[in-house]
Amino acid sequence: MATLNVTPDSFSDGSTHNTLPTALAYVHEAVRVSVDILDIGGYSTRPGAAFVSVEEEIDRVVPFIQAIRSADPATTEDDGEENRMVRDMPISIDTFRWEVAEKSILAGANCINDVYAFTGPRNYPYPASGAAKEQTTEYMRQMKDVARKFAVPVILMHSRGDAGMNKDYSVYDYSDDGSVLEGVRVELGMKVDEIVKGRGCIRRWNVIVDPGIGFSKTVEGNLELLRQGAAVTADRLIGSGSNEKKKNPLAGFPQLVGTSKKSFLGMILYDKRGKSTEAKDRIWVTAGAVACAVQQGALVVRVHDTHEMSDVVAIADALWR
Amino acid sequence: MRDSDLIRVNDLLVTVLLHSGSRWPSKGSKPTAQPVHISLAIPHDISSAARSDDLSQSINYSTLASTLRTCLSPTVASHEEPAFESLEQILFRCFDVLLPHETTSAPRLPGAQIKIVQLKPPLHCKALAIEGETTFGSSASWRLTKINHIVEDLGCNPIIGVNPAERLERQLVRINITVESLNAKWALKHWLDFRALTRRLYQKVEETSYLTLEALASFVAVETLQHLQSHLDNIADYNPKIRVKAAKPCALVFADSSEVEITRYFKDYPMELTLASEASNRFDSSSSAIHCAAIALGSNVGDSIQNIEVALRLLENPLLVVGDRSTISQNSFVYIVNTSFLYESAPMYVTDQPSFINCACMIETNIPPVNLLQLVKKIEEIVGRKPSFRNGPRVIDLDIVLYDELNFDTRALEEQHTLDNLNGHLVIPHPRMSEREFVLRPLYDMIPEYVHPSLHKSISTLLNELTLISDDPPMDKIQFLRSLRTGNIEPQGR
């Protein structure tokens, strides 16, 4: 999955692909290295990112989707073939808003990628009542409706509100294989259960889960999720105490893992080598993390540097899959 | 207070006439003469006899023994009397003889424990026994305080064990069952049909293929409780305790056997012991009741994932699919409340065709099973089931696999022994589900702990057993990107 952030402020590529020509050039590059799906986002999840209205988010993403879908195959022979592949490139829309999801799908997107897993921005701590609960319930209902109506796959990510906060997973210390792993299984599992079970549920086969690396996790927590990624979706029991234990609600779901250029990689590099990096300097560290995700069985890796990471995936895949 | 002293007679051999037969049932109405062992224990304070060393201070066991023999054995005159219906009757006769009514002049005993062992019991078991304990209450006659029914060493040969070799050959399992009733009043009115119980257990256990003795012992407990429930009125109210021991003599080289012992009550099996009548009433009585059913879907023609999506959408619109309101009434509803992953599997039975895409869903509905069958058949027709041969290509195939905890068969009772006449009929649970990974694996995604209402095994166990014996590679899960490439479905108004 190739990331295309059409925002002026996204942390890693905000300023380079937010015009139509640069974005299209990026998609052509993606096609040439056999990227499977393009992820378009118009509202940065970076901590402290500026608020964007629904209308503005739609206005940012829809023209890009339309431009990709109208790539003209009837040009010269070589370009025509590549344009056809650009036009047919599967697109996922990175949004937590149902209005944006619906408009994007109508413009030609095929998949919803939601960092809040259909519960909206006010989902942590997960509200039990009050206005926040009403808001999460409304997001849940509307997002499910859109996903059902168009029968599109959805990517549901683990997060805990502001990505830079809420990094304490000690309530899950009982788990034998890591409190962050258990935290993701329990917290994302609860949301996934709400989405794939009960009246109005969406099809289990249309769900892909994302452990949310870099979202409200410590450096060690992120490493734990990478190192033992397969355990997130393992068929095992979760919970503590014999009465509380139940089958892992994430068992069997395919995983998407996004590590590209994230700050915890930069922190490790600084720790080990005393080297300070900007997001744009983190291509090689990303390669290490991507290889690990492939080894742990991830179905999709979400990256910015399609050219380099296609090579990494090819070798990791040959080694471990 | 110290425990009472006991005077015993052990294994007194007596010949009795039993209408319930011996190894084989009685011929005609004639009872079968056969040996039984009677053991009795009489509580009696022996301290004075011990001091005086005088037998007259104690109970003369020789008299007890001869009294019992005389009362129970056929008389020389008739050869056909006394005859007994059951072991219970012999037991009660013993109590009558030993603990007579107050008006008689015989010496008064404070109570007795008696065990009757049938030495030549119905086939496959080593012995049957009944054990009773009585005291004199405030009333003039004896009071039964406890009764145990015992099946000793029922030998069965199921497939059992986790080792590959054990999946291929049957092996001996020895089963011991004790039904303990502290509230023994029921036994005064009814007797336990040991022959029917041992026959049922022998047949059912031989059909099983568990991996563990634990599962087998639990299965035997359920079967025993079900037998009690169907043969003895209100037996559950008396809350008998079932103790089951299951031993594998061929498991360990340096031990006689390995064994699991469990103790169970009716309350331990709320799912399995729901009365059949309750289950069938649940959907007849009111159409507002919500039932839960599992439906398996399969397709191998055209865009299979799209076919499945369309079928599911139709399923949730039963009033649009079936116009006949006598089949699907105006208030009918179907909600899909869970779905499995999608799987791809090689075709079974007829292999020269494209592979199948399979999945399953759980629904909540108020539509009774037979009407639900008509709904799914209509959906198959709409989505485009072209007439095809059995097990041949399918645009879409919908099977009702489970419906609540129902055992349901629309065929006449005498036709239910085979699976060759299923056409046009509905059998729930789906009779071939336990041999089909493409049904079990999707169910495992949703309801791994659901217990099959007639096989009494969980979905998880059934899947485990199937994959253990099968050499086929496991089915492939259809991954996200494949469902993505099938394109979007146009939004559809309701």
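All values derive from a computational prediction rather than experimental measurement. Order of the sequence lines sets the chain letters (A, B, ...), proteins ahead of strands, with each chain counted from 1.
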Mind checking the [atom1]-[atom2] spacing from [X] to [Y]? Nearest 0.5 Å is all I need.
X        : Y        : atom1 : atom2 : answer
A/Asn206 : B/Phe341 : CG    : CZ    : 11.0 Å
A/Trp205 : B/Ile478 : CH2   : CD1   : 11.0 Å
A/Arg204 : B/Asp445 : CZ    : CG    : 5.5 Å

Assess whether atom [atom1] of [X] is packed by more than 12 heavy atoms of other residues, nucleotides or ligands within 6.0 Å.
X        : atom1 : result
B/Lys378 : NZ    : no
A/Lys103 : NZ    : no
A/Ile315 : CD1   : no

With a 4.5 angstrom heavy-atom cut-off, which part of A/Lys247 approaches chain B: side chain, backbone, both or neither?
side chain
Applying a strict 4.5 Å limit to non-hydrogen atoms, the region of B/Cys359 in contact with chain A is side chain
Is B/Tyr343 close to chain A through its backbone or its side chain, or both, or neither, when contacts mean heavy atoms under 4.5 Å?
neither
Where do A/Val196 and B/Asn338 come nearest, in terms of heavy atoms and distance?
O-OD1, 3.5 Å
If every non-hydrogen atom of A/Ile202 is compared with every non-hydrogen atom of B/Thr339, which pair is closest and at what distance?
O-OG1, 3.8 Å
Give the member of B/Met446, B/Glu364, B/Met362 that has the highest number of heavy-atom pairs under 4.5 Å with chain A.
B/Glu364
Any carboxylate oxygen within less than 4.0 angstrom of a Lys/Arg side-chain nitrogen, looking at A/Arg203 and B/Glu309?
yes
Under the 3.5 angstrom rule, does the side chain of A/Arg199 hit a backbone N or O of B/Tyr335 as a donor-acceptor pair?
no
